[in-house]
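Here is the structure we will look at.
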Amino acid sequence: MSFPLLTATAVLPAVGAVATAAVPAARRTAAKWLALLVSLATLVLAIVVMVRFDPGGARYQLTESHAWISDFGVRYELGVDGIAVVLIALTALLMPFIILAGWNDADPLETGSKRWRPTQGFFALILAVEAMVIISFEATDVFLFYIFFEAMLIPMYFLIGGFGDRAHAQGEKAASTQRSYAAVKFLLYNLVGGLIMLAAVIGLYTVAGNFSLAEIAQARANGTLHMATSTERWLFLGFFFAFAVKAPLWPLHTWLPNAMQESTAPVAVLITAVVDKVGTFAMLRFCLQLFPEASKWATPTILVLALISIIYGALLAVGQRDIKRLVAYASISHFGFIILGIFAMTSQGQSGATLYMVNHGISTAALMLVAGFLISRRGSRLIADYGGVQKVAPVLAGTFLIGGLATLSLPGLAPFVSEFLVLVGTFTRYPAIGIIATFGIVLAALYTLVLYQRTMTGPVKPAVSAMPDLKARELLVVTPLIVLLIFLGVYPKPVTDIVNPAVKQTMSDVHKTDPKPAVEAAK
C-alpha cells in the first residue's frame, strides 16, 4: 500500500492539536513552539502533495478509498484536483503566520497564572481547524465532506467566543458579551445552513444510492442516473444554501462582520482567508459537478446576488469606523467576485475565481495581520484613534499600505490578475453584469486609500507618538506574504498551470464552452 499522503496531511495537525492541548499549564512557550513546528511540518506535506500532483493526469489524484459505514454506502474517500491542491497549499502556508502573529494573544492577563491553559487551547483549536479544512478539500465522499464541513464550526466557535480581541473600548464585561454574541451568531447561521445541507445529502443518497462524488458524477454523465428536474433543483438549493452561508454571500453574510470584529486578528484571518474558502470551493466541486443543470438554472439569480455582494460590501466598507469591520465588508465584496467568476460559466471566470481564493487569502492575511499589530499597540480598533503613524512607525505603515493596495487589486500585485480574469470571464457572457461589477474596484480604491489616509498620514496623534515599529517576529510574519503578493502578481503561472485543467473538467461537467469573440481576430 502506498503512503497515505492526503490522510497524513490532515491527521498531522489533528494530532498536533491534541499534543498541544496536553502541554502542562506552565509550559506555554513549549505549546507555542509545538504548534508552530506542527504547522511547518504540515506545510512540508502540502508542498509534497503539490509536487506529486500532475496537472495533466487524472482528475482526482493521490486517491485513498476505504470502507467505512458500508450499510449506508459511506466510504473514506480522498482525492485532490488542481483546485483542491492550491487551496490545501494556501491553508498550510497561512497557518505558521497565523500562529506567529498570535504568539502572545492568548496568554493569561495575570502574570504567572497557572490555573488555566488558554494558550494551549488557543493553538490547539487553530490546528484542529487546519485539520478539518484540509480534509474538507480532500474529501470525495459527500458524507465525509459534510462531517468536517460542520465539525470545523466547533473549534471556530470557541476561538471567536473564548479568545476575542482585547482592544475593546467598553470594558471586559461588554467585550465578553459581544464575543459571545458574535460566536453564537456565527454558529447559528452556519448550523442552519448545515442542517439544510444534511437534508439535501440524505436526498442525494436516496436518489443515487451512495455518497461517492466520482461515482455519482460518472453515473450522471453516462445517463445511468436520472434526476427529475425538480429533484435536482431542490438538492442543488440545499447544498448551495450551506455554501453561500459559509462563503459568505449576501444576504447570508451578516455573521461575518461581528465574527471578525470580535476575534483576534489571527483568528479573523483564519475565518476569512481559510474557513470561508471551503464554501466557494464546494460550489465548484459539489454544486457544479453533481447538479449541472440546476447550476445553470440558478445562475442568473446567483450572479445578481454576487453583484449585490460586490457593491454592497464595498459601500459598507467605505462607511466603517472600525478597522476590522472594514476588512470584513471588503471581504464580502471580494467573495462576491469569486462567486461571480464561478457562475459566469467561463474558463477565465472560474480560473480567476480559484486564483482569487488564493490571492484573497494572502492579501487579507497581510492586511489584517498588520492591522492587528497596529491595534495591539494602540489598544483601539477605531480609525479615528489613529493618525500620523507613518511618521513614527514607517515599516508598519509601509506594509499596511502594500496590504491595502493588494486589497484594491493594484496592477503588479496578486489580486489584480484574478480580479481581471473574473471580470473578463464575466463580461464575455454577461457584459452588463461585468460592467456593473467594475464599480467594486472603484469603491475598493476609495475605502482602502481613505483608511490609509486617516490612520497613517496627517499630524501625529499623541496616543501614537511613542508607537514602536514592527519587531522581528512581526516582520517574519508580514515579509513572506508581501513577497508572495508581488511574485504572484508578476508571475501567476505556477498556480494557473495547476488550476486550469481542473477548470476545464468543471466546464465539461456543466456542458459549457467559452463564448466565441464577437469580432474575429485579424489574421
Side-chain angles (χ1 to χ4, degrees), residues 1-23 30-53 60-70 74-99 120-159 211-214 266-267 270 273-275 277-278 281-282 285 361:
M1 180 182 293
S2 59
F3 180 72
L5 182 58
L6 297 185
T7 294
T9 308
V11 167
L12 179 59
V15 173
V18 174
T20 301
V23 173
K32 298 175 185 179
W33 279 106
L34 177 59
L36 179 61
L37 291 174
V38 169
S39 69
L40 290 171
T42 305
L43 176 58
V44 171
L45 288 178
I47 293 171
V48 174
V49 170
M50 180 174 284
V51 170
R52 290 190 57 185
F53 182 80
Y60 294 112
Q61 299 178 34
L62 306 174
T63 55
E64 303 173 30
S65 182
H66 306 283
W68 186 18
I69 311 174
S70 301
V74 180
R75 295 185 62 83
Y76 177 80
E77 286 190 348
L78 306 180
V80 289
D81 60 2
I83 298 170
V85 165
V86 297
L87 292 177
I88 290 170
L90 171 69
T91 302
L93 172 71
L94 292 180
M95 285 301 167
F97 301 124
I98 289 172
I99 290 171
Q120 288 85 334
F122 180 73
F123 292 105
L125 290 169
I126 288 175
L127 290 176
V129 172
E130 179 180 19
M132 294 175 186
V133 169
I134 288 175
I135 202 165
S136 297
F137 290 141
E138 297 173 344
T140 55
D141 182 278
V142 177
F143 191 79
L144 179 67
F145 169 83
Y146 172 77
I147 289 174
F148 290 100
F149 180 81
E150 286 293 277
M152 69 179 71
L153 302 181
I154 299 170
M156 286 306 310
Y157 169 81
F158 288 109
L159 283 169
F211 294 106
S212 173
L213 175 65
V267 173
L270 189 63
V274 177
V275 171
K277 298 299 187 299
V278 178
F281 163 80
R285 171 166 280 190

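Bear in mind that the values here come from a model prediction, so they are computed numbers and not experimental data. Residue numbers start at 1 and run along the sequence shown.
The distance from atom CD1 of Ile135 to atom OG1 of Thr9, rounded to the nearest 0.5 Å, is 10.0 Å. Between Tyr157 atom OH and Ile154 atom CD1 the span is 11.5 Å, to the nearest 0.5 Å. Note that OG1 of Thr140 and CG of Leu213 are 6.5 Å apart. Values are rounded to the nearest 0.5 Å. Note that CZ of Phe148 is 11.0 Å distant from CZ of Phe143, once rounded to the nearest 0.5 Å. Annotation: the span from Phe149 atom CZ to Phe281 atom CZ amounts to 11.5 Å, rounded to 0.5 Å. Note that CE of Met132 and CG of Leu127 are 11.5 Å apart. Values are rounded to the nearest 0.5 Å.
The two residues Ile134 and Thr91 make their nearest non-hydrogen contact at CG1-CG2, 4.1 Å. The two residues Gly361 and Leu94 come nearest to each other via the heavy atoms O-CD1, 3.9 Å. Closest approach of Gly79 to Thr63, counting heavy atoms only: CA-CG2, 4.1 Å. Ile83 approaches Val86 most closely through the heavy-atom pair O-CG2, 3.2 Å. Ala92 and Pro96 get closest at one heavy-atom pair: O-CD, 3.1 Å. Nearest heavy-atom pair, Ala124 versus Thr20, reported as atom, atom and distance to 0.1 Å: N-CG2, 4.0 Å.
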Show your working on side chain to side chain contact (heavy atoms under 4.5 Å, CB included) between Glu130 and Ile98 and close with a plain yes or no. CA-CA 11 Å; Glu130 179 180 19; Ile98 289 172; over 6 Å; no
Evaluate Val278 against Val133 for side chain to side chain contact (heavy atoms under 4.5 Å, CB included), listing each step before the verdict. CA-CA 7 Å; Val278 178; Val133 169; 4.0 Å; yes
Could you walk me through whether Leu43 and Ile47 pass the side chain to side chain contact (heavy atoms under 4.5 Å, CB included) check? CA-CA 6 Å; Leu43 176 58; Ile47 293 171; 4.2 Å; yes
Step-by-step side chain to side chain contact (heavy atoms under 4.5 Å, CB included) determination, Val274 to Met95: CA-CA 9 Å; Val274 177; Met95 285 301 167; 4.2 Å; yes
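At least one donor-acceptor pair under 3.5 Å links the side chain of Asp141 to the backbone N or O of Arg75. Of the possible donor and acceptor atoms, one in the side chain of Glu64 sits under 3.5 Å from a partner among the backbone N and O of Thr7. With Arg285 contributing its side chain and Ala84 its backbone, the two residues share no donor-acceptor pair below 3.5 Å.
Side chains of Val74 and Leu144 form no contact here, defined as non-hydrogen atoms less than 4.5 Å apart. In this structure, Ile99 and Lys32 have side chains that are not in contact, with every pair of non-hydrogen atoms separated by 4.5 Å or more. Contact annotation: the side chain of Val85 never approaches that of Phe137 to less than 4.5 Å [non-hydrogen atoms, C-beta and beyond].
Between the side chains of Glu77 and Ser212, at least one donor N or O lies within less than 3.5 Å of an accepting N or O.
Surrounding CZ of Phe158 are at most 12 heavy atoms belonging to other residues, nucleotides or ligands under 6.0 Å away.
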